[in-house]
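Taking it in order: structure first as structure tokens, then the write-up.
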Amino acid sequence: EKGGYEHFMLKEIFEQPEALKSAIAGRIKNGKPIISEIKELEEFIKKDLKKIFIVACGTSYHAGLAFKYFMNRYSKIDVDIEVASEFRYMNPHVNENTLVIAISQSGETIDTLEGIRIAKEKGSKVVTISNVFGSTIPRESHGAIYMNTGPEIGVAATKTYTAQIAILYALGAKIIEITEGLTEEIEKILSDIEKMPEIYEEVLKNAEKVKELSREYVNYQHMMYIGRGFGYPTALEGALKLKEISYIHAAGYQAGELKHGPIALLDEQFPVFAIIPKDSLYEKMKSNLMESRARNANIIAITTEGNDEIKELTNEYLFVPEAEEALYPLVIAPIIQLFSYYVAVLRKLDPDKPRNLAKSVTVE
Ligand code: F6R
């Protein structure tokens with residue numbers, strides 16, 4: 001059932017071209033969003049929608065964060081996001097003009113479930129993105145969008161993370177179409193998502209190289225992931241993946257925050273993993289890399305194909321194909337997943353069953 005792969009996690013990483021294809025099938029066509037699951041909410045979105053609030057945990061929260069950056073760039077709608085365990089105990093500013101988007105692979109995460117119950121009591125509409133048909137959160141929502149990626153067995157979310165981002169962008173585009181009208185820029189992003197399965201085939205060809213590089217990082221005790229803009233959710237997700245399966249302490253930061261504290265940690269024992277595609281924030285990221293290097297930190301970076309100056313700035317680097325800025329969270333995800341997978345395996349750990357973790361978090 002592992003299809004010849006050593007672990008489910010590796011199988012699921014390699015399934016991403018197919019998983020993404022089924023996630024967007026019938027949802028994006030020729031650059032246009034088709035989300036029939038929200039048909040009944042279209043009136044509400046057109047007339048009443050004033051704010052979107054994203055509620056999720058862990059990796060699903062990181063997908064939500066990428067979506068927040070997407071909406072911030074391409075729409076005027078207010079978007080807020082909170083992890084579900086905070087949302088449910090705060091006084092969330094949601095009402096009958098709010099669309100709450102819950103993201104939950106399992107559809108059973110207790111905090112997310114309680115979060116949407118509160119939102120519904122306050123009169124909000126709820127749409128859920130989930131991978132498990134008939135699970136509780138989508139059943140209790142006004143709209144349910146199923147990811148259709150096939151079951152995910154490995155405890156670490158991989159293919160469902162990328163499916164979530166693709167579906168969220170399509171959903172966002174649909175909301176923009178209803179409220180403000182689609183633009184060519186957004187259509188271009190959606191057509192590029194349609195090409196993502198082929199792009200993933202290319203990205204996944206780097207697996208052996210990632211394995212080689214990961215050897216250099218097996219014996220560290222810490223790792224700092226940094227990114228800016230659309231690179232920030234990737235930094236958080238990279239750090240989460242590494243700590244949960246390799247038990248190496250890792251944290252993700254907005255690179256601009258380094259100076260406000262975290263840079264004090266850096267030395268030859270504390271490497272930096274930089275998410276530095278050739279996007280609008282490249283030069284800013286480059287300064288952060290140089291500052292990190294000046295502290296003798298080992299640097300591994302993911303950047304865009306052809307950016308040869310990266311060789312001078314880093315110890316190790318990997319290229320990904322050039323993409324629209326908003327799509328780098330999708331393009332880079334398989335690399336950070338493979339990196340943590342190989343580090344865990346080289347540390348003789350079972351990435352499918354990390355200690356202390358469950359696939360479905362149904363208790364607080
Ligand atoms: C990390 C991971 C967890 C989940 C989180 C939310 O790899 O899998 O962080 O993302 O527990 O789970 P769902 O999406 O099922 O609500």
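Each ligand, and each atom within it, is numbered from 1 in the order the structure gives. It should be emphasised that the depicted structure is a prediction, and the values quoted were computed from it without experimental measurement.
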Against heavy atoms of [X], which atoms of ligand 1 measure under 4.0 Å?
{"X": "V155", "value": "8 (O)"}
{"X": "E244", "value": "1 (C), 7 (O)"}
{"X": "T109", "value": "12 (O), 13 (P), 15 (O), 16 (O)"}
{"X": "S60", "value": "10 (O), 13 (P), 14 (O)"}

Ring centres under 6.0 Å, that's the criterion: do [X] and [Y] meet it?
{"X": "F230", "Y": "Y232", "value": "no"}
{"X": "F53", "Y": "F87", "value": "yes"}
{"X": "H7", "Y": "Y341", "value": "yes"}
{"X": "F14", "Y": "Y5", "value": "yes"}

Which residue and non-hydrogen atom of the protein lie closest to [atom], and at what distance in Å?
{"atom": "atom 4 (C) of ligand 1", "value": "T59 N, 4.0 Å"}
{"atom": "atom 11 (O) of ligand 1", "value": "V361 CG2, 4.0 Å"}
{"atom": "atom 6 (C) of ligand 1", "value": "C57 O, 3.3 Å"}

### Query
Is the closest N or O pair between S104 and ligand 1 shorter than 3.5 Å?
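Indeed, backbone or side chain, S104 has an N or O that close.
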
### Query
Would one find an N or O of A156, backbone or side chain, under 3.5 Å from an N or O of ligand 1?
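In this structure, A156 places no N or O atom under 3.5 Å from an N or O of ligand 1.
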
### Message
Under 4.0 Å, heavy-atom basis, I'd like to know which part of E108 is in contact with ligand 1: side chain, backbone, both or neither.
### Response
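No part of E108 comes within reach of ligand 1.
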
### Query
Counting heavy atoms only, which part of T112 comes closer than 4.0 Å to ligand 1: side chain, backbone, both or neither?
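Neither; no heavy atom under 4.0 Å.
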
### Query
For E322, does the CD atom sit with more than 12 other heavy atoms under 6.0 Å from it, leaving out its own atoms?
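It does not: E322 CD has 12 such atoms or fewer within range.
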
### Query
More than 12 heavy atoms of other residues, nucleotides or ligands under 6.0 Å from NZ of K243: is that the case?
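Yes - once you tally the heavy atoms of other residues, nucleotides and ligands closer than 6.0 Å, there are more than 12.
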
Any Lys/Arg nitrogen of [X] or [Y] sitting under 4.0 Å from an Asp/Glu carboxylate oxygen of the other?
{"X": "K46", "Y": "E43", "answer": "no"}
{"X": "E180", "Y": "K76", "answer": "yes"}
{"X": "R88", "Y": "D111", "answer": "yes"}

### Query
For ligand 1, is T158 a contact, meaning one of its heavy atoms is under 4.0 Å away?
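T158: no contact with ligand 1 (<4.0 Å).
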
#### Entry: Proximity flag K241 to ligand 1, non-hydrogen atoms under 4.0 Å
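K241 counts as a contact of ligand 1 under the 4.0 Å cut-off.
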
